[in-house]
Amino acid sequence: MAYDFRAIEPKWQEKWEETGAFHVEAASDKEKFYCLEMFPYPSGALHMGHLRNYSIGDLTARFLRMNGYNVMYPIGFDSFGMPAENAAIKMKTHPAEWTRKNIDHMIKQLKSMGCSYDWRRTVKTFEPEYYRWNQWFFLQMLKKGLAYRKHAPVNWCETCGTVLANEQVIGDGVCWRCDTPVVKRGLDQWFLRITDYAEELLEYLDKLTGWPERVLTMQRNWIGRSEGVRFDIEIAGTGLSLEAFTTRIDTIFGITFVAIAAEHPITSELASRSDEAKRVEILDFAARMAQRSAIERTAVGGAKMGLDTGFKAKNPVNGELVPIWIADYILMDYGTGAIMGVPAHDQRDFDFVRKYGLGVIPVVRREGEPIPNPDEMTEAAEADGIACNSGEFDGLPTPVAIERIGAWFEERGLGKRETQYRLRDWLISRQRYWGTPIPVIYCDKCGIVPVPEESLPVRLPLNAKVPENGGNALLGCPDWINTVCPECGGQARRETDTMDTFICSSWYFFRYLSLGSGEAPFRRDDADYWMPVDLYIGGIEHACLHLIYARFFTKMISDLGLIPPDMREPFTGLLTQGMVIKDGAKMSKSLGNVVDLDEIIKKYGADTARLFILFASPPDRSLDWSDKGVEGASRFLNRVFRLVEDSVGGLKTADRKRVPMSAIENAESRDLKRLIHSTVDRVTRDIKEERQLNTAVARMMELTNGLVSYKPKDAIGWALFREGIESLLLCLNPFCPHICEELWEMSGNGSILALTAWPKADEDALKVDKVSVVLQVNGKLREQFEMDPGLDRDELARRVMRMEETKRRIDGKEVVKVIAVPDKLVNIVIKG
RNA sequence: GCCGAGGUGGCGGAAUGGCAGACGCAGCGGACUCAAAAUCCGCCGUGGGCGACCACGUGGGGGUUCGAGUCCCCCCCUCGGCACCA
């Protein structure tokens, strides 16, 4: 008979709630710990990824609470975004209604999992009391010039009907949410100047020692720093010039052409100065290139396309004239949108000149080798070497040439050394209804006017109807759009774009700390006490999205003076949990391999579900869902339940005092005492130091096996048995809180187990009576001896050499060397 | 191409340079049962031997070491990220 988790689990969930067991306040006398999970999008129901995320989080929170920490452990809902609008159309409802319903259901699910959140602190980002602060932050950034509006070619997703930030274009140039290939559109949009923080975002990665290496690497790649020189190139006979950027200024004598991006503003300027035929040719080509999708444009090794503009550029170092081409491999949004073409030392330029028959001038040779013959080159020589064909710089090794030529440019005012980043400013406008309204007003007279802070929030009109065609519902709200200009009082229009939902998730972890604060997004005291987050748990997919944005916001908030100037990072510890896989693939509706959380809880209980997911794999690795494995977890919990249930009588009357090792004579009892305390020791270390939750579970299974086979015979035996059961329940509690509370109560304890102190391993009991010493001959395992612990090297070797078995193994051969490792082994090296 | 993580039984996975495969799953054998389920006990890397035992074995190849899954070098494969970034 399985234990009755259907009665036990709700019973304890209610008890925790009634007693406010997990309510937490700032308390300076206790060490704080902020345990945070990436809050869910209320899509309708929790999935197995959530189960994993929150099982790890709840375990951590409960473990640290029992260890005396003041633990902040909140949850909320990231509740603006596209899916609510799509659902509204499909289900003929309103996004708010759909969202609320989903949140209610997910709260029930989270409670049924037994998560120990402080439920008073819940944040729902679609509520005006939250998103007004998104608007407030926007206004602060606007004041500081960190928010700005510009016309730019931006990423457009046709399916979502909105623009996207660079970070939200993933893989081969598709929308992060719906996989639609993204196209470029020229639009006026709002941006946040995250690039102002590029250097710091990169630099501080070195300080995030609690982050996994792969996330740090991903962010470094994404920010993409490179040092080089920006310089002017004159366009012969026009009085015009253009700027180029290069990291290889040492190769500047090797320029055989200059290439510009199709969208480069100079393109139309050059076109207008050309004859009619050329003008049309240039504009045509530029238009065709600009229209291609991100996928077409960025195909590596794809044939490069170019067009000679007919104009010539003057090489600043030697005055030589080279043709100016428009080339499709030049990106407008990196560097200056123009490059110096050095085919001898850049593979892309090399490919380009081979196609269009332009020249190659080698300006770097390998040390000790002559200058290569350009006609014989089959690829660009990108490696460092010695400068040649470079006038006064000939003979310099590449790093020196870069330094000298860079200095040469700066001295003459022809160029400037600077650092470029791949990171772009964050495009936050969304042509969507279900988001935070951007608090600006457009006035014909006054232009762009920010909504005054005292008028916040700019409420999202809830009477809007999401149009069937998926357009922006705000466009159908003239009463809302038409307003008065805060400056001149004349007629004006509201911005109808809303903010990227990633704004909401960039600072919600501050809001949890000061829920209900009406004067500020959060209270300084609260942030001072609780921040930074000590452990943040979530999926790796946010490595270059949310995790960069939240870092940026924290730095911005620090610069606003809302938190101390030296509080620059939000998350000191990061755990990226692995995916939950079934039958070799990620769980998805289309594959039909989804396991429903409610059904699992109904069939096995939350404790079993949690135990399985923590046991099946280490937290950061992917996890194979196995129905058999779940049954195994369930079997284990039933075993634990029976173990206690069958001995309740003895447990209740057993002496509560710990029996010291010295008082135990019986060998079996001594072994059990050791097992109990080595388990406590290992479980504690596995959770705290290694985050090896799977091995912690294994240790508890071993203890259970030990307790099952132990039969207490006397008072000491019973006291010891009780000690074993209590240690097991205490250790298992963060994993499977309900069953442990129940068994804790059954075995005669009145207190709430969740608030009971974590056990401490008895040092005496960790010592062993005998150790098993291994005999190796030439490194191969031969014999095994039981010996006294603590023998030193020489004594151990002496004793082992005296053993009959050892003599037999040596068999009269010459002993070359004897290596002894105390309490472990003796290795005898013999010859012949 | 660059960067990161990984490769261990039938499976999930364990192993501060020191007994490879803990713990669990599956499988096999047994007990209980009229029977089944549940539970309990035992076996469970490969090859050889009746046997105590012996040989081999952590993606492949070298190396360091008394001793290597673990450290070093080279290579292969899988997964993830970035990539026409000047």
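All figures in this text were calculated on a predicted structure; none of them were measured in a lab. What you see below is based on every heavy atom in this structure, not just the backbone, and it leaves out hydrogens, waters and symmetry mates. Residue numbering restarts at 1 for every chain, and letters A, B, ... go by the order of the sequence lines.
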| request: Rounded to whole angstrom, note down the C1' distance from B:rC34 over to B:rC44. | output: 32 Å
| query | Using atom C1' of each nucleotide, how far apart are B:rU65 and B:rA52 to the nearest Å? | reply | 32 Å
| request: Report yes or no: do A:Q219 and A:R551 form a side-chain donor-acceptor pair below 3.5 Å? | output: yes
| What's the base orientation of B:rG6: syn (chi within 90° of 0) or anti? | anti
| task | For B:rG59 and B:rC53, measure between their P atoms and round to the nearest Å. | result | 29 Å
| query | Which value, in whole Å, describes the distance between the C1' atoms of nucleotides B:rU8 and B:rU58? | reply | 4 Å
| Residue pair A:D686 / A:T695, side-chain donor-acceptor N/O under 3.5 Å | yes
| said: Distance criterion of 3.5 Å, no angle test: do you see the side chain of A:Q347 paired donor-to-acceptor with the base of B:rG1? | reply: no
| query | Does the ring of A:Y329 carry A:K304 above it, NZ/CZ under 6.0 angstrom from centre and within 45° of its axis? | reply | yes
| message | Below the 4.0 Å mark, does B:rA14 have OP1 or OP2 next to a side-chain nitrogen or oxygen of A:R699? | response | no
| query | Should A:E645 and A:R642 count as an ion pair when the cut-off is N to O under 4.0 Å? | reply | no
| said: Mind checking if A:P618 touches a base, just sugar-phosphate, or nothing, with heavy atoms under 4.0 Å? | reply: sugar-phosphate
| said: Work out how far the C1' atom of B:rA14 is from that of B:rA20, and round it to whole angstrom. | reply: 10 Å
| field | Sugar-phosphate only, base, or nothing, as touched by A:D346 at under 4.0 Å among non-hydrogen atoms | value | nothing
